[in-house]
Amino acid sequence: MADKYLELVNSGFTKNLAKSLGLPRPSILRRHTPGAPLVPGPLLLLGDSSGAQELADTLLAWGLDVRRHAVGVARLGGIVLLLDELADPGELSAPMLAAGAALRQLAPGGRVVGISRPALPADAPAVAAVRQGIDGALRSVGRELRGGATANGIVLAEGVPATAPSALAALHFLLSGRSAYVSGQFLAVDSAEGKLPEDFGRPLAGKVAVVTGAARGIGASIAATLHRDGATVVVVDVPAAGDALAKVANQVAGTALQLDITRPDAGEKIIEHALARHGHLDIVIHNAGITRDKLLANMDAARWDSVIAVNISSQLAMNEAFLAADLPGLRIVSLASTSGIAGNRGQTNYAASKGGVIGMVRASAAAFAAKGGGINAVAPGFIETDMTAKIPVATRAVARMLMPSLMQGGLPVDVAEAIGFLASDAAAGINGRTLRVCGQSLVGA
Amino acid sequence: MSARTRVVLAAAPSLATLYARAAGARLTALFPGAKPAGGALPQVEHHLDGLRVDPGKLVDYQRMMGDTVRDELPSVFVHGMVFPLAMSVMVREDFPLPLLGMVHLANKATHVRPISPAATLSATAHAENLRGHRAGTQLDLVVEVGEGSEVVWRGVSTYLARGVWPGAGPGAPAEPHAAFAAPGRTASWKLAADTGRAYAAVLGDYNPIHLSAASARALGMKRAIAHGMYLAGRALAAAAPHGTGYDWEIEFATPVFLPSTVDVAFDVGAGRTTFSGWGARSGKPHFSGSITAL
Amino acid sequence: MSEPLQAIRPAVVIGGNRIPFARSNGAYSKASNQDMLTAALDGLIARFGLQGQRLGAVAAGAVLKHSKDFNLVRESVLGTSLSAQTPAYDVQMACATGMEAIGSLANKIKLGQIDSAIGGGVDTTSDAPIAVSEGLRAVLMDLSRARSTSAKLKALSKFRPRDLAPHAPGTGEPRTGLSMGDHQAITTKAWNVSREAQDELALASHKNLAAAYERNFFDDLITPFAGVSRDTNLRADSTLEKLATLKPAFGRNLGADATMTAGNSTPLTDGASAVLLGSEEYARENDLPMLANFVDFEAAAVDFVHGAEGLLMAPAYAVARILERNNLTLQDFDFYEIHEAFAGTVLSTLAAWESEDFCKNKLGLDAPLGSIDRSKLNVNGSSLAAGHPFAATGGRIVATLAKMLHEKGSGRGLISVCAAGGQGVVAILEAR
């Protein structure tokens, strides 16, 4: 664990010191390690809707110790609330209180996942009320949890069962260590499309994935994560970053493509490389991005235009190329940012580009779905990278603890895990969405 | 030849002793009448048997000349081996000219056949052909080197004693040098300040005019000059044939002051290579010569 | 006359990689040959996904090498992600090192001995080996051999302060003492190559290289190194006027006939290059591109020591021989890559091919080889602009030409690289 503060407040003498001083004590998050159990203890399944038994059977088939009540269980690994058939706010009482009673048994790094339906304008008011209420309740659970535990929700479109592939994949992701820095978020499953992997340890086996901006930071971590999950990775970055890019390529046994993604033919170049060298192209991660921060009052055209060109215009152009090509089942994941949701002082240009990404994926979903694929975005919050490592230690510690429920910044791998999930075939039922990886930051909730 | 009296030396004379004797002779020459000026060359030949090659010196020589170390005696190395014997003729009491300050004008030699470094050699030296020169008196020093009964090397060095006229006084003034036009260079030799000392360390020729600016000034030179035979050795290392005999000759025009850069031109013809060297900076001719395969 | 080996099976140029070339004592002054060669290999491995592969062979070399670099290429391979079971060896043929390494590997592929290989080269004049003087070396060797204290003291007693002066490698030809530039100056004058013609060639090299960068030509040929992403010698804004102001740097003994300046001669440069070669089967099995066939190569050497021929004129002879063997004329090429050691070298070589006298009397031909279409010469720049890290130049040229031929989709290219010691290597590549 590279972070000194995190280490100090969680071990030995300094742990007690921090406790007695009342210092915030962020937990060491439970992150994915290959071969580790999905959750750190038995799973409590609450809710009695019609799909409960089928869901329980599926979870049992995953090798989980599934319980329908928490009595006699010392430590729970997770709590799943199946709330998809609630029709009135009054019905929320039983499952929420049962969950509440079990919260003290939740192990560090435990998981709370609610499964519900979206509140839509056409719904009966009471139905819409309970559904929207679940949203608020689960987010609040997230705020209440400690010890690196998280609370998230899965929102199933009407007609999609809780055992639909993408619903199960989302549940698997949210229960696992892969979602360590995801909390207070809702994954919307729009269809029953998708196919669960034969091996949850290698969900991307046989896939060819392109990662832009892969020379360093989050991009390099994405490449490593996709490689770990079984994909053959093509790493892309500007020619000037070629040496770092080569290192990444060699670490992930992939191929390096030096390419400026703002070139008009960037999409074609990527397709050409992937097809010629690897035979197909299944996944594209639009990760490349730049910041040119300045208060809007001081902003110049060069700063503004370059950020827009790299962060959003290039993606729009490449997506057109991808759609024009014959790339069945192509899944795209694009990097947004919480700045694009909540805004950030000095980042009008960046926020415009990242907000743009969120809009783009929403509006591109249908086109990619028509090709059997999909497009989603991940919006990271405060992620510890080479860039943020330059912020002085104290400032950094305060900055990242003030905001998120998890009281710490995320790591590049946290973003990469979310991307890996959304890039997988199992997530085919999720389309046009943006998942935040922010540790339940206050901003832009 | 046979008219000369043979003096057989017991061992190779030391050049240091010879130079010391020569220096003494030069001092005495300052006093008129002390040297038998106007005398003839002594009718003697100095002979030495049992000459063996010091293998270490041979390697040092070949390295110094930038040549490959191989089992063949370089012709100039042979010259160096027998040089003390030749010197011993010139420092005889009855030799008519002072050795120190003498100028090396030219050299020619016949390298009859390849000579093995393992050979035991004999050598015989005499002086002949005393004659006038516009600047003094010149003579030839002839050395023959034998292996058993066979002559394997014969060299003639021509020296000038400047300002000494033992015979009829100054000879006819030579025609003025034709203006020298340097040919296109094919090589360039950068000669370090210690070139003379390095040559002396290998072949023992510690003539002060080659060693340092100070020692050269003591003998009237403005700076140390390169050994003529060093220049010949460089030329032969670059162009002499191997595995066969050859004639070579070199004539010296102006001295090579150290340090300096000498531009050199080789012209390779059928069986014959000519060469010349001149000052890279000054453009003055230093030497010219040829090598002809036998 | 030997037959072209093409008949056996083709050797294919799959691609190449180099680090940007940097002027001596600049960006790479802290980098060693091994650092740079490893970087060039890393970039190539990354470009073609060779991680963990056992290649048939890696052959490369450096002209200036430290004694510790006795196994330079193998050591470099061990530092990459190639399989540690990949054999490697060092090659040295002065500035033709890279060409010789690549050509020999191509032959092995053609013969079926190996299926894949990397050839290349590296050189640094910034991290050049400095040797101790002969005197100090002798003392140290004696000292290491001495057993007793007295023998050690005796060895030490031979030490002289002047022995402390280090010996740096010279750029001069050992047998003539003339620098390569001074040698070329003789040839340049002999062929009456004008200062203007040399400056024009140098300018074209810079303009062509800059244009190639502009159109992203090098995106898949170069991997940055040590913060450098473009050849540091490149002067895109050079002009004939600026070049004309430079004073002669070589052949200054020629006075008014001295025409060779720092502008129309290559500077000392650091860098490394690598080229991936393979059989067609290897390329297909690994989904690798096939840019060009490495058709044939030929080495020649001339007797420059005593002025019989110019030091850098060997390629003129090698080209005549390779053309005859392959039944081609000098005009049968779409690209000519003539290494610009000096602008004078290129122009002297072109003049020689046009000369009836030279072609008849030196090459033994009935007629001159003739002129080439100058618009096909070094179209993406060459050493005058890119620089010339001796052993790395062959790899730069082969990779560049192979890509040009592949882009064109047809035709063939001629490579000519001169080298110290009066040598030269030429090669023919064919598009695919």
Novice: Using non-hydrogen atoms and a 4.5 Å limit, figure out which bit of Ile222(C) sits close to chain A: side chain, backbone, both or neither.
Specialist: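 Interface part for Ile222(C): backbone (N, CA, C, O).
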Novice: Can you tell me if Thr269(C) uses its side chain to pair, donor with acceptor, with the backbone of Pro267(C) under 3.5 Å?
Specialist: yes
Novice: Between Thr125(C) and Ser24(C), do the side chains contain an N or O donor and an N or O acceptor separated by less than 3.5 Å?
Specialist: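 Yes, a side-chain donor-acceptor pair sits under 3.5 Å.
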Novice: Side chain to side chain donor-acceptor pair (under 3.5 Å) between Thr400(C) and Asn380(C): does it pass, once the steps are laid out?
Specialist: CA-CA 8 Å; Thr400(C) 300; Asn380(C) 286 310; over 6 Å; no
Novice: Determine whether the side chains of His388(C) and Thr393(C) contain a donor N or O and an acceptor N or O closer than 3.5 Å.
Specialist: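 On atom types as modelled, these side chains qualify, holding a pair under 3.5 Å.
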Novice: Are the side chain of Asp90(C) and the backbone of Gly61(C) linked by a donor-acceptor contact shorter than 3.5 Å?
Specialist: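 Here the side-chain-to-backbone pair does not exist.
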Novice: For Arg235(C), is there any backbone N or O sitting under 3.5 Å from a side-chain donor or acceptor partner on Ser238(C)?
Specialist: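 No.
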Novice: Here's a test: name every donor-acceptor pair under 3.5 Å between chain C and chain A, with the distance for each.
Specialist:
{"unit_1": "Asp42(C)", "atom_1": "O", "unit_2": "Asn250(A)", "atom_2": "ND2", "d": "3.1"}
{"unit_1": "Ala46(C)", "atom_1": "N", "unit_2": "Asn250(A)", "atom_2": "OD1", "d": "3.2"}
{"unit_1": "Ala46(C)", "atom_1": "O", "unit_2": "Ala256(A)", "atom_2": "N", "d": "2.6"}
{"unit_1": "Arg47(C)", "atom_1": "O", "unit_2": "Arg277(A)", "atom_2": "NH1", "d": "3.3"}
{"unit_1": "Arg47(C)", "atom_1": "O", "unit_2": "Arg277(A)", "atom_2": "NH2", "d": "2.7"}
{"unit_1": "Gln51(C)", "atom_1": "NE2", "unit_2": "Ala249(A)", "atom_2": "O", "d": "3.1"}
{"unit_1": "Gln51(C)", "atom_1": "NE2", "unit_2": "Asn250(A)", "atom_2": "OD1", "d": "2.9"}
{"unit_1": "Gln51(C)", "atom_1": "NE2", "unit_2": "Gly254(A)", "atom_2": "O", "d": "2.8"}
{"unit_1": "Asp219(C)", "atom_1": "O", "unit_2": "Gln258(A)", "atom_2": "NE2", "d": "2.6"}
{"unit_1": "Asp219(C)", "atom_1": "OD2", "unit_2": "Arg263(A)", "atom_2": "NH1", "d": "3.2"}
{"unit_1": "Ile222(C)", "atom_1": "O", "unit_2": "Gln258(A)", "atom_2": "NE2", "d": "2.6"}

Novice: In the structure I gave you, are the side-chain heavy atoms of Ile118(C) and Leu82(C) within less than 4.5 Å of one another anywhere?
Specialist: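 Yes, at least one pair of side-chain atoms sits under 4.5 Å.
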Novice: Select, from Pro224(C), Gly49(C), Pro289(C), the one with the greatest count of heavy-atom pairs under 4.5 Å involving chain A.
Specialist: Pro224(C)
Novice: Salt bridge or not for Asp334(C) and Lys408(C), using N-O below 4.0 Å?
Specialist: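 So Asp334(C) pairs with Lys408(C) through a salt bridge.
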Novice: Less than 4.5 Å to any heavy atom of chain A: does that hold for the side chain of Phe225(C), its backbone, both, or neither?
Specialist: backbone
Novice: Which residue out of Ala276(A), Ala256(A), Ala240(A), Ala246(A) racks up the most heavy-atom pairs below 4.5 Å with chain C?
Specialist: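 Among the listed options, the one with the most contacts to chain C is Ala256(A).
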